[in-house]
Amino acid sequence: MNCYDVAVVGAGPAGLEAACTAAHYGARVCLIDRQHQIGGQLIKQTHKFFGSREQKAGTRGIHIAQKMAEEAACLPNIDIRLDTTALGFYPDRVLTLDQSGRYCKIKCTALTVCTGAQEKMLMFTNNDLPGVYGAGAVQTLMNVDGVRPGRRVLMVGAGNIGLIVSYQLLQAGVSVAAVVEASPRIGGYAVHASKIRRLGIPILTSHSIKQAYGRERVTGACVWRLDAHWRGISGTEEHIECDTICLAAGLSPLTELLWQAGCKMRYVPELGGHVPLTDLSLETSVGGVFVAGDASGIEEASAAMLTGRIAGLGVARYLGICADYGERFDECSMQIEELRRGPAAQKIIAGIRKLRGETT
Amino acid sequence: MRIDEHPILCFEKRKTVKFVFEDLEMYGYEDEPISAALHAAGIDVLSRSPKHNRARGFFCAIGNCSSCLMEVDGVPNVRVCTERLREGMVVRRQSGRGVIAEPEDRGGHVL
Amino acid sequence: MSLESTGVPSAGQLSAVHPPEHMRKQRAYAVFECFERIPCDPCYWCCPQGAVRAFADINDLPSVDYTKCTGCGICVAHCPGLAVFVVDESHSSSHGLLKLPHEFRPLPVPGELVDLLDREGTRRGKGRVVRVVGKARGDTPVVWVEVESHLLASVRAIRVGGRTP
């Protein structure tokens, strides 16, 4: 069995930072991803990132993914295994894998789970029709596979993902009928909303999808206005011409491996759902098991990179190879605090405080 | 459905391969997800649901949701959103839960 | 109806990000339609004239020194939110010049007539393209378009070839 100091599950921005940070301290790292290429969600992000220069602001997500992948590939003590799904982590420090259809096992002193998140499903009549896709799926199809998801899309959700994917649909030559948002406010950044409004996409706040039409594929949708209690108001139904319905109504952390490994979990709605209990170094209740990125709480790419770095430092300290932990940790803390100073991050801060038991 | 010109992305020329879908000859790019090749060819319905026989397509396109299960080269329950297209693949819709062959018939397929 | 529920800034918000009245006819100026505190500061780093003041906190809104801004448009191409536009009221007696980000294909060519869209996506007329800067794939192209003077404050996007978008 191959032995490593740390296995990092998930090679998106969090996993890449976690792997490279631990590797810089000399750890032998196994970086695992079930996809065919490195980069997680970054490989579909054609827009320019916000943040600071340090966080690669102004660079398109796709190029950040390339740079990070190159850095990881250059480090000789990182063993990268793609098309590999982590199946389970056991008390004897064995991690079982499905590597391109072959079952195998590795041993690792520490584990870092960076498995990201998945789209929340919405309940409406005919939500199972072909043509109802998650926003991530639409992005993958357009930006990785080069295929249009349909001709005319109804976007459900006006968070950053819904707004950004609407813009990307236009760039791919697909029209967007409207964005509906259940809340009275647009959840995403104002600049993303402004960008699609001036291109003619209406944003209907306090609206949601009532049902999809179609038998073998979506042929249209019905949306309606919501009252102050989030219930649809009869008589406000509006038909939307579309052949694709894109769900961007929130993400939930992907935490199966953490549950299976026996980590203590807590339900924190502000962080997207169930997340593991962690200390400041992002170590879970199971010694040597760390978490970073969206799996630790839904945030965004810059935060994923920083939490990945923090977890990487935590792993290096756990392995006894991190001489300057305090200094490096403070640096990362400061950056993540700066990132979280804006109003958009208040929900996340509230969630983290709840998780740490500082509030209920 | 294929995107030819994009303001930011450059879709490199890839090798075209022939595959069979429900006895129809089709073409796609080598190594792309089977679901992308089918979608580009206008195929939305990938299977029918177990109980009510409803049309079903993909949903997450990243291997999480299992909405896209199809039979590929005789093997059922293959997630076609992560399975890569190869020359000569035979892809079929399955109705509901696939039937997994007995070990002797599986021809060395471990997982 | 506010920016938070429509994605369209109010007149009050817009006037706060324009240079003083007496400076507007002198030369081109950049308008930063950025109204929300988010962590972001590439505008500060990219301005060759140093017209964007240093950020005390990365979440601050940009603050522009209009004595230094030449309206070159480099900020238009660098803003990750595509929220910066250059307005040149001094272009001619009847028309001004707008420099807008346009990340779509096909790109217009100089001389081409394009549809002009306002902040709500309503078509307000046509304008002639003067120049397109930054055409390599991956760049944010900046389209210089002639716009009737009375539309300069409203037009913020173009549509090429009468298509959507």
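Remember, predicted model here, so these are calculated numbers, not experimental data. Order of the sequence lines sets the chain letters (A, B, ...), proteins ahead of strands, with each chain counted from 1.
- Residue B:Glu12 qualifies as open at atom CD: its count of foreign heavy atoms under 6.0 Å is 12 or below.
- More than 12 heavy atoms of other shown residues, nucleotides or ligands fall within 6.0 angstrom of atom CZ in C:Arg137.
- Of residues 28-57 of chain B, no residue lies under 4.5 Å from chain C by any heavy-atom pair.
- Heavy-atom minimum distance, C:Arg105 versus B:His6: CG-C, 4.0 Å.
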